[in-house]
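To start, the structure itself, in structure tokens.
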Amino acid sequence: MDTFLMSYFNRFRSSANSFLSQYEPIVLLLSPLVALLLANTISSFFQLVHDKGLKQTLLGFLINSVKLIPGVKRYIDAEKQKVVNKLQSDVKSKKEGWRTDLPRAGLGMEVIEKMRHEKSKDVIWQGKCSGTVYIGGSEYDAHFSLINEACSMLVRHVRALGHPILTTIIRFCTFWLDQSGIWNSLTRPKALSHLLKLEKVVAMTAALLGSKGKSSGGQICGNMTSGGTESILLAVKSSRDYMKSKKGITRPEMIIPESAHSAYDKAAQYFNIKLWRVPVNKSFQADPKAIRQRINKNTILIVGSAPGFPHGIIDPIEELGDLASSFGICFHVDLCLGGFVLPFARELGYPIPPFDFSVKGVSSISVDVHKYGLAPKGTSIVLYRNHEIRKVFQYANADLAHLRRTGKRDKKRRIEVTEWSGGLYVSPTIAGSRPGGLIAGAWAAMMSLGQEGYLENTKAIMDVSKRIQKGISEIPELFIVGRPDMTIVAFGSDVVDIFEVNDILSSRGWHLNALQRPNSIHICVTLQHVAVVEDFLRDLKESVITVKENPGPISGGSAPIYGAAGKMPDRGMVQELLVDFMDGTC
């Protein structure tokens, strides 16, 4: 047998050498490298087709090829810069005269006059903005004053700095400013124990969202954060780490509808998660069937919104919960807008579908207190169904690997800050120091309003939302996008350019949000709109008539930019425009 194999090998070697002898050595050397490069290129192409589809892949290839033509890229860059300059023109004009260096001598009380002067240049925002300011009345009315006072009580801890002007500045500023930080070490909570009591806003919020119900499991927990984006980031990271500990997933993927908030894109980049954004259905809701098609062995998380920011429509939370349960994956519900409206709207008798921890499969929820909770800006909450999901955020990846192998936590593998010379340290959120005044403001807002206050507010804004929907339906040139469930009403037109309508509204002092897919604009109703709803509908009707009779962009308007961006096939160029705009405004 050995002799036969040796003979066969010799014949094969002789044949191979004879065949290869006709080629140059350099060709033989480079051929494997070329083959490897070709295989890698083919693999990358099929991966792109898998990720973006054949049409978008070929389109991207064509556009990149055209850019290689001499002069084409230079022309495109020049035109792109014109758009960026137009977008930045208003911001740059407002920056003129700004001081960029620290004064040699302090300005003392003069700084207050400077702040008053700059503030006087702000546009009139009362009742004119979509969302943005959720508290009713002016900034000097009752609830604003209450929030300012609650925040300042915690800010006074910094008076130990010995600067008497600080208190004056704080009293001048509206409730968006806060200077008091809470250090998340093991000793500071003892020094400011009253602040821990104030952070019971987490428990009060959880109670609104099903923590008292039997189906919740009785372990709902959470933390305060700086806003909806941080809440979503924490929920995504916790889901990633939790699924790694449970299933050993090391190449995580998450699936979101295209109506989901852009914070998920940010989370995917930060935490190295592959993001699948799937189309919504004809009702502009998350499509469970489309999401189901994307689920695989690496899926860690699916997402639903109640309601979605673009159109104010609640996703089918129960169906998505069943989907998550059947595959044993996490399911996050974005209640940043609906958290302080939907529970009360349901109590008022509105047909609100299930959306909270009463739904099986919901593993985490984000809710902004600084929106309809009427708390100071910078207050949001992330909630988890149980402590196991939350705790995993506070352990290092090495501990997760040990947990998978042994089923036990390794006390030697906790976060590396156990070895810090600055002492023992643990933080439940992304931030280290957190603003105590904002926590106090959130607690004060919730306690001052109570359930009756929130019910009254919810009735007012839901009534205004229904009035706006009725008013828009009476304008024949407009259509409402989907069927809004809450206080966001999106509308478009097949007759006039809706972005030109938006520009006319802007010239009349209204500030609405421009949307795409489909081209539309929306108004997020707040208490600010209760007194001006008829003014808005009148101005909207007149703006539509103006555009219909005199079509075309107005000077300084953004309609051409939004229109072009929505039709631009090269989405990479749109991304570059946004990056260049942001880079130039900082």
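Just so you know, these numbers use all the heavy atoms, side chains as well, and skip hydrogens, waters and symmetry mates. Positions are given from 1 along the sequence.
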Contact summary for [X] and [Y], nearest pair of heavy atoms:
| X | Y | answer |
| --- | --- | --- |
| Val367 | Leu209 | CG1-CD1, 4.2 Å |
| Leu323 | Arg292 | CD1-CD, 3.7 Å |
| Gly228 | Cys336 | CA-SG, 3.7 Å |
| Arg467 | Val533 | CG-CG2, 3.9 Å |
| Ile255 | Ile291 | CD1-O, 3.7 Å |
| Leu537 | Ile472 | CD2-N, 4.3 Å |

Any side-chain heavy-atom pair from [X] and [Y] closer than 4.5 angstrom?
| X | Y | result |
| --- | --- | --- |
| Phe491 | Leu512 | yes |
| His332 | Val236 | no |
| Ser493 | Val544 | no |
| Pro288 | Pro316 | yes |
| Leu515 | His311 | yes |
| Phe284 | Arg517 | no |

Exercise for the section: Evaluate the criterion side chain to side chain contact (heavy atoms under 4.5 Å, CB included) for residue pair Gln516 and Phe499; output intermediate values, then yes/no. Expected result: CA-CA 10 Å; Gln516 59 180 351; Phe499 296 137; 5.7 Å; no
With distance as the sole test, does [X] use its side chain to make a donor-acceptor pair with the main-chain N or O of [Y] at under 3.5 Å?
| X | Y | answer |
| --- | --- | --- |
| Arg277 | Ala260 | yes |
| His261 | Ala263 | yes |
| Ser380 | Thr225 | no |
| Thr379 | Val369 | no |
| His143 | Leu374 | yes |
| Asp368 | His370 | no |
| Gln285 | Ile314 | yes |
| His529 | Cys129 | yes |
| Ser520 | Pro518 | yes |
| Ser465 | Met462 | no |

Going from [atom1] on [X] to [atom2] on [Y], what distance comes out if it is rounded to the nearest 0.5 angstrom?
| X | Y | atom1 | atom2 | answer |
| --- | --- | --- | --- | --- |
| Met446 | Thr205 | CE | OG1 | 3.5 Å |
| Ser543 | Lys548 | OG | NZ | 14.5 Å |
| Leu449 | Gln451 | CG | CD | 11.5 Å |
| Met486 | Tyr350 | CE | OH | 12.0 Å |
| Leu275 | Asp265 | CG | CG | 5.0 Å |
| Glu110 | His117 | CD | NE2 | 12.0 Å |

Practice task
Could you check Leu337 against Tyr372 for side chain to side chain contact (heavy atoms under 4.5 Å, CB included), going step by step and ending with a plain yes or no?
Solution key: CA-CA 7 Å; Leu337 276 167; Tyr372 292 106; 4.0 Å; yes
Practice task
Over 60° means perpendicular and under 30° means parallel, so classify the ring planes of Phe309 and His522, tilted if in between.
Solution key: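 Judged by the thresholds at 30° and 60°, the geometry between His522 and Phe309 is perpendicular.
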Practice task
Using the side chain to side chain contact (heavy atoms under 4.5 Å, CB included) rule, take Asp535 and Trp510 through it: C-alpha gap first, then chi angles, then the decisive distance, then the call.
Solution key: CA-CA 10 Å; Asp535 295 339; Trp510 299 96; 4.3 Å; yes
Exercise for the section: Might you work through the side chain to side chain contact (heavy atoms under 4.5 Å, CB included) test for Leu348 and Leu455, ending with a clear yes or no? Expected result: CA-CA 7 Å; Leu348 289 169; Leu455 281 168; 4.0 Å; yes
Exercise for the section: Output every pair passing salt bridge (charged side-chain N to carboxylate O under 4.0 Å, His left out) with a member in residues 456-465, not counting sequence neighbours, ordered by first then second residue. Expected result: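 Every pair satisfying salt bridge (charged side-chain N to carboxylate O under 4.0 Å, His left out) with a residue in residues 456-465: Lys459-Asp463.
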Practice task
Could you tell me whether Arg508 atom CZ has more than 12 heavy atoms of other residues or ligands within 6.0 Å of it?
Solution key: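 Buried by this count: over 12 neighbours within 6.0 Å.
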Handout entry: Pairing of Arg538 and Glu534 as salt bridge, 4.0 angstrom limit
Key =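 Looking at Arg538 and Glu534, the cut-off is not met.
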